[in-house]
Amino acid sequence: DQQVKQNSPSLSVQEGRISILNCDYTNSMFDYFLWYKKYPAEGPTFLISISSIKDKNEDGRFTVFLNKSAKHLSLHIVPSQPGDSAVYFCAAIDQGGSEKLVFGKGTKLTVNP
Amino acid sequence: DAGVIQSPRHEVTEMGQEVTLRCKLISGHNSLFWYRQTMMRGLELLIYFNNNVPIDDSGMPEDRFSAKMPNASFSTLKIQPSEPRDSAVYFCASRFSGNTIYFGEGSWLTVV
């Protein structure tokens, strides 16, 4: 039933190393994808996005990769910093259909100093 | 710039009581979304409005839940009567155009 899946509830990495957060989706109509970051007691904030016409989008330390044939996307954070510790949500939307952003359940990233 | 403003931030209420959550959109935004976050289900969309009109309320759990947008900048989500399983964080989000939505800080609801 879940159209957007984040199968790893948590991830722990060392400061300075790469963090890779994964997301899978089932709806082939999704054509735009976003990552949100959420700190405790705050609302989710937009981090980075990618259109289905691209396979990579980079913004500083953050890069999102999209593999449409596998219906998979990933967020890479290099180098990871302790301030990156948060819950990361993957979201998807069918731009030609409903205007609803569908979210995954989130992955809690912990970056250890 | 004022972001999406939600109130109350925290509410503890007894089962059977009415709960009203409030949301003020970012000025100029014309789409409004209510989400609920729980451990089991993550972030679920309850309902969204475009230009004050409800477009999709298929995520509203049951008739105990209702949402209104009496004007272009304000919305309420009401639960009547509330039940312990309604305990969650309720987020309001708004959008002007494009795909990015902007969230408020959430209303933490506990029903005992």
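All values reported here derive from a predicted model rather than from experimental measurement. What's counted below: heavy atoms across the whole structure, side chains too, no hydrogens, waters or symmetry copies. Reminder, nothing fancy here: chain letters follow the sequence lines and each chain counts from 1.
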**Q** Should we say atom CG of B:Asp63 is surrounded by more than 12 heavy atoms from elsewhere, each under 6.0 Å from it?
**A**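 Counting neighbours around CG of B:Asp63, 12 or fewer heavy atoms of other residues, nucleotides or ligands fall under 6.0 Å, so no.
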**Q** Is A:Gln95 close to chain B through its backbone or its side chain, or both, or neither, when contacts mean heavy atoms under 4.5 Å?
**A**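 Just its side chain gets close to chain B.
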**Q** Determine, using the 4.5 Å side-chain heavy-atom cutoff (strictly less than), whether B:Leu32 and B:Tyr35 are members of one ILVMFWY cluster.
**A**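 Different clusters: B:Leu32 never reaches B:Tyr35 through Ile, Leu, Val, Met, Phe, Trp or Tyr contacts under 4.5 Å.
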**Q** Do A:Phe89 and A:Phe33 sit in the same hydrophobic cluster, where Ile, Leu, Val, Met, Phe, Trp and Tyr count as joined when their side-chain heavy atoms come under 4.5 Å apart?
**A**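 No, because A:Phe89 and A:Phe33 fall into different hydrophobic clusters, even though each may have its own neighbours under 4.5 Å.
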**Q** Taking the side chain from A:Lys105 and the backbone from B:Met40, do they hold a donor-acceptor pair closer than 3.5 Å?
**A**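 Such a contact is found between A:Lys105 side chain and B:Met40 backbone.
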**Q** Would you say A:Trp35 and A:Ile50 are hydrophobically clustered, going by side-chain heavy atoms of ILVMFWY under 4.5 Å?
**A**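 Result: yes, single cluster for both.
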**Q** Under 4.5 Å heavy-atom distance to chain B, tell me which part of A:Leu34 shows up: side chain, backbone, both or neither.
**A**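 Side chain only.
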**Q** With a 4.5 Å cut-off on side-chain heavy-atom distances among I, L, V, M, F, W and Y, is there a chain of contacts connecting B:Ile79 to B:Ile47?
**A**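 Yes; B:Ile47 is reachable from B:Ile79 via cluster members.
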**Q** Can you hop from A:Phe46 to B:Leu45 via hydrophobic side chains spaced under 4.5 Å?
**A**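 The answer is yes; both residues are in one hydrophobic cluster.
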**Q** Quick check for you: among A:Glu42, A:Lys100, A:Gln6, which has the greatest number of heavy-atom pairs under 4.5 Å with chain B?
**A**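 Of A:Glu42, A:Lys100, A:Gln6, A:Lys100 has the most heavy-atom pairs under 4.5 Å with chain B.
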**Q** With a 4.5 Å cut-off on heavy-atom pairs, point out which of B:Ile55, B:Thr38, B:Asp56, B:Leu43 contacts chain A the most.
**A**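 Looking at each of B:Ile55, B:Thr38, B:Asp56, B:Leu43 in turn, B:Leu43 comes out on top.
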**Q** Is it true that, when you exclude B:Lys78 itself, more than 12 heavy atoms of the residues, nucleotides or ligands shown sit nearer than 6.0 Å to its NZ?
**A**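 No.
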**Q** Using a 4.5 Å heavy-atom cutoff, which residues in residues 97-112 of chain B come close to chain A?
**A**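 Heavy-atom contacts from residues 97-112 of chain B to chain A are B:Asn99, B:Thr100, B:Ile101, B:Phe103, B:Gly104, B:Glu105, B:Trp108.
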**Q** Between B:Glu44 and chain A, which part of the residue has a heavy atom less than 4.5 Å away: side chain, backbone, both or neither?
**A**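 Contact with chain A: none, neither part.
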**Q** Check this for me: A:Arg17, atom CZ, are more than 12 non-hydrogen atoms of other residues, nucleotides or ligands nearer than 6.0 Å?
**A**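 It does not: A:Arg17 CZ has 12 such atoms or fewer within range.
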**Q** If you count every heavy atom of other residues, nucleotides or ligands that lies below 6.0 Å from B:Glu14 atom CD, does the total exceed 12?
**A**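 For B:Glu14, atom CD is not crowded (no more than 12 foreign heavy atoms under 6.0 Å).
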